[in-house]
Student: 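Can you read through this structure? Questions will come right after.
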Amino acid sequence: MLKMWDIRSSAKDGCTNLYLHSQILTCVSMDGYNLWIGDDSGGVYHHDMRMHRQYTKRKIHGNRVRNIRYHPELSYLASCSDDTTIAIWNRTD
């Protein structure tokens, strides 16, 4: 599970819980509205935080995702994994 708080709201109303994953979550990256989460199986989840219950998952790596990074001016993301690979993909994919 992942819990996120919006510090501009009250503790009760500002908390979002994401329970949608069947794997251990290993890393998180966010650019404001988009949230990318890596998991233990090599998958990367994309959440648009404006639509809390909808997400997509892509199997990008063969093993645990260690890190996901984005650049605020580019449309690409990069991730690295325990399977010794680095993946680069478009944010809109």
Student: Report the C-alpha distance between I37 and L35 in whole Å, list the side-chain angles of each, state the deciding distance to 0.1 Å, and finish with yes or no for side chain to side chain contact (heavy atoms under 4.5 Å, CB included).
Tutor: CA-CA 7 Å; I37 303 169; L35 178 71; 3.9 Å; yes
Student: Between S81 and N63 (side chain of the first, backbone of the second, donor and acceptor by atom type, cut-off under 3.5 Å), is there such a pair?
Tutor: yes
Student: Nearest 0.5 Å, please: how far is OG1 in T56 from CH2 in W36?
Tutor: 10.0 Å
Student: Grab the two heavy atoms, one from W89 and one from V44, that are nearest each other, plus how far apart they are.
Tutor: CZ2-CG1, 4.0 Å
Student: How close do G43 and V65 get, counting heavy atoms only, and between which atoms?
Tutor: O-CG2, 3.7 Å
Student: Roughly how far apart are I68 CD1 and L77 CG, rounded to 0.5 Å?
Tutor: 7.5 Å
Student: Between D39 and K57, is there a side-chain heavy-atom distance shorter than 4.5 Å?
Tutor: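 When only atoms from C-beta onward are counted, D39 and K57 do touch, with a gap below 4.5 Å.
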Student: Distance only, no hydrogens: is a donor on one side chain within 3.5 Å (strictly under) of an acceptor on the other, for H46 and N34?
Tutor: yes
Student: To the nearest 0.5 Å, what is the distance between SG (C80) and CG (N67)?
Tutor: 5.0 Å
Student: What are the two closest non-hydrogen atoms of S75 and N90, and how far apart are they?
Tutor: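 For S75 versus N90, the nearest heavy atoms are O-OD1, 3.1 Å.
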Student: Tell me, with the steps shown, if R66 and C27 meet side chain to side chain contact (heavy atoms under 4.5 Å, CB included).
Tutor: CA-CA 6 Å; R66 286 292 181 171; C27 61; over 6 Å; no
Student: What is the minimum heavy-atom distance between S29 and R69, and which atoms define it?
Tutor: OG-CA, 4.4 Å
Student: Donor-acceptor pair, distance only, cut-off 3.5 Å: does the side chain of T26 make one with the backbone of R64?
Tutor: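 Checking the backbone N and O of R64 against the side chain of T26, no donor-acceptor pair under 3.5 Å is found.
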Student: Could you tell me whether a side-chain N or O of Y45 sits under 3.5 Å from a main-chain N or O of G38, the two making a donor and an acceptor?
Tutor: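 The answer is no, because no donor-acceptor pair under 3.5 Å joins these two groups.
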Student: Looking at I86, I want to see if its CD1 is surrounded by more than 12 non-hydrogen atoms of other residues, nucleotides or ligands under 6.0 Å.
Tutor: no
